[in-house]
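This report refers to the structure that appears directly beneath it.
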Amino acid sequence: MFLAAQVALSLFLPISSAATSGRRATTCNGFSDLCGRSYGNITFVGAHDSYAVGVNNLFTDQDYDVTQQLNDGIRMLQMQAHNNSGTIQLCHTSCSLFNGGTLQSYLQSVKSWINSNPNDVVSLLIVNSDGFAPSQYDTVFKAVGLDTLSYSPPSATTINTAWPSLGSMIDSGKRLVTFMDTGANFNSVPYIIDEFTNMWETAFDVTDTTFDCNVNRSKGDTSTELFLINHFLDKIVLGEDAPDPEDANVTNSVSGTGSLGAQVQTCVAAQGRSPNFMLVDFYEFGGGSVFQVAATANGVTYNPSTPVPSPRSTGTATGTTSSTSKPNNAISQFGVRELIIPAVLSLSLLGGWMAVL
Ligand SMILES: *[C@@H]1O[C@H](CO)[C@@H](O)[C@H](O)[C@H]1NC(C)=O
Ligand SMILES: *[C@@H]1O[C@H](CO)[C@@H](O)[C@H](O)[C@H]1NC(C)=O
Ligand SMILES: *[C@@H]1O[C@H](CO)[C@@H](O)[C@H](O)[C@H]1NC(C)=O
Ligand SMILES: *[C@@H]1O[C@H](CO)[C@@H](O)[C@H](O)[C@H]1NC(C)=O
């Protein structure tokens with residue numbers, strides 16, 4: 001009798017779990033409330049030029065590398081892909097100005113993080129600067145094993161409300177969503193998703209703090225596309241756009257003129273919904289404020305287990321963020337930035353170096 005019940009139970013359990021298709025995620029991107037929400041109804045924080053990491057350098061937009069970015073809560077990684085003698089390489093504007101290494105080694109770090117964090121969905125936004133074919137990206141994704149973790153939508157365009165829930169993406173193991181600005185081809189590589197027929201963007205490289213929520217680039221129906229705000233402030237250095245770490249704590253903050261929080265409110269007023277993606281520079285400036293803004297937009301509470309690290313870039317010769325990392329020598333007095341300017345100026349004469357910033 002007892003044995004029969006045990007046999008029946010052991011037969012029943014696998015059938016039961018198969019019928020409910022296995023694991024059910026209970027925490028999704030850090031919050032249980034997000035599991036049942038459509039990917040298209042969530043606000044994610046993104047790192048603009050996520051591979052362009054360096055301190056007080058005119059060509060870098062982040063102080064911390066991709067692994068730290070992901071640890072702290074960045075869930076969209078934006079990058080510029082360039083052709084460096086046939087290899088897909090992550091460079092800023094040009095590989096001679098800033099070379100952030102190969103796409104393959106970068107994606108290897110992303111893959112390691114995704115493997116260690118099975119309850120998270122991560123998005124990539126690739127700027128296909130030199131027109132590599134989707135099949136060439138596919139070769140790199142396959143080499144690091146990210147092809148099998150990639151989400152392929154059922155068709156080339158997906159309206160915002162039709163995206164699956166975060167929980168179902170996590171359950172299916174398809175936890176990487178990749179968008180590409182130009183050259184995507186659904187019939188060739190379905191997981192490389194055409195950006196502008198699925199997502200619109202606000203203006204980028206702005207140098208004033210207005211941060212409106214108007215459509216700047218799109219190739220689709222903006223009422224049903226996902227949308228991304230470019231919330232990073234540039235400043236003009238010798239007539240060219242450059243990142244602005246001096247103002248990043250204000251730019252990234254929760255409220256006030258030019259803040260991330262204020263742009264989200266502008267979007268809710270103008271578009272009737274929050275942005276899906278918010279690209280920021282120097283994400284840790286503000287002490288986690290960018291994640292606070294996302295949590296508020298998502299209706300959850302930001303309560304990190306470890307605080308974000310302190311900023312590294314100062315951008316000013318008088319900054320005092322860290323006495324240990326700033327040796328008292330000529331370079332720190334003037335700032336690396338000032339030493340780079342003459343080099344940048346001569347390169348700019350070679351032609352429009354900031355054209356694709
Ligand atoms: C990349 O550059 C190499 C030469 O260095 C060239 O042979 C190749 O066609 C280029 N690839 C693309 C996609 O333009
Ligand atoms: C998009 O924004 C740029 C500034 O980043 C501006 O020069 C351009 O006119 C805008 N285009 C549209 C269509 O709004
Ligand atoms: C930004 O940093 C400056 C200088 O470190 C400080 O005076 C200011 O209060 C900060 N603003 C915010 C919004 O954190
Ligand atoms: C998600 O839906 C809620 C309710 O309609 C809305 O307030 C919020 O702005 C939406 N968020 C996004 C990113 O679409």
Side-chain angles (χ1 to χ4, degrees), residues 48 56 63 80-91 94-96 99 102-103 126-140 180-185 188-189 192 196 200-220 222 227-236 240-263 270-271 279-290 292-293 307-308 310-323 326 352 354-357:
H48 170 235
N56 293 343
D63 285 348
Q80 270 180 25
H82 290 259
N83 184 353
N84 198 20
S85 308
T87 300
I88 310 180
Q89 202 118 10
L90 302 179
C91 300
S94 117
C95 292
S96 54
N99 188 336
T102 65
L103 175 67
I126 301 175
V127 177
N128 189 17
S129 305
D130 290 340
F132 279 103
S135 59
Q136 293 174 293
Y137 287 95
D138 184 48
T139 300
V140 180
M180 184 142 47
D181 70 332
T182 54
N185 181 340
S188 148
V189 182
I192 295 183
F196 290 112
W200 62 267
E201 289 193 13
T202 61
F204 64 100
D205 285 354
V206 299
T207 51
D208 68 69
T209 57
T210 308
F211 288 117
D212 64 32
C213 201
N214 301 334
V215 177
N216 186 267
R217 292 184 295 169
S218 170
K219 290 181 188 163
T222 58
F227 78 100
L228 177 151
I229 59 174
N230 286 297
H231 193 87
F232 43 90
L233 190 64
D234 280 0
K235 62 180 177 183
I236 303 296
E240 304 286 358
D241 288 332
D244 185 4
E246 290 92 333
D247 291 312
N249 68 334
V250 174
T251 304
N252 290 352
S253 65
V254 169
S255 61
T257 303
S259 68
L260 182 62
Q263 191 178 15
Q271 310 294 341
L279 290 189
V280 300
D281 279 350
F282 312 106
Y283 72 90
E284 80 285 2
F285 277 74
S289 53
V290 297
Q292 171 80 62
V293 170
V308 299
S310 299
R312 285 179 173 162
S313 283
T314 60
T316 58
T318 54
T320 52
T321 356
S322 163
S323 51
K326 289 194 78 212
M354 279 293 177
V356 291
L357 189 82

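Just so you know, ligand 1 is whichever comes first in the structure, and atom 1 is the first atom listed for that ligand. By convention here, the first residue in the shown sequence is residue 1. Quantities reported herein were computed from a predicted structural model and do not represent experimental measurements.
Considering backbone and side-chain N/O of F204, one or more are found under 3.5 Å from N/O of ligand 2. Ligand 1 has a nitrogen or oxygen under 3.5 angstrom from a nitrogen or oxygen of N83. The distance criterion of under 3.5 Å between nitrogen or oxygen atoms is not met by D205 with respect to ligand 2.
Close contacts between ligand 1 and G86 involve ligand atoms 1 (C), 2 (O), 3 (C), 5 (O) [criterion: under 4.0 Å to a heavy atom].
In this structure, the separation between CG on L233 and CG on D281 is 9.0 Å, given to the nearest 0.5 Å. To the nearest 0.5 Å, atoms CZ (F282) and CG (D247) are separated by 11.0 Å.
Applying the side chain to side chain donor-acceptor pair (under 3.5 Å) rule to S218 yields the partners E225; only residues at least two apart in sequence or on another chain are considered. Partners of N128 according to the side chain to side chain donor-acceptor pair (under 3.5 Å) rule, which considers only residues two or more places apart in sequence or in another chain, are Y137.
Between T210 and D212, the side chains place no donor N or O within less than 3.5 Å of an acceptor N or O (distance only, hydrogens not considered). In this model, a donor atom of one side chain and an acceptor atom of the other lie less than 3.5 Å apart for N56 and T314.
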Which N/O atoms of ligand 3 sit under 3.5 Å from a protein N/O, and at what distances?
residue  : atom   : partner : partner atom : Å
ligand 3 : 2 (O)  : N249    : ND2          : 2.2
ligand 3 : 11 (N) : N249    : ND2          : 2.9
ligand 3 : 14 (O) : N249    : ND2          : 3.2

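Residue pairs that meet the salt bridge (Lys or Arg N to Asp or Glu O under 4.0 Å) test with at least one member in residues 129-139, sequence neighbours left out, are D138-K142.
A 4.5 Å side-chain heavy-atom check between T202 and L228 finds every atom pair outside the cut-off.
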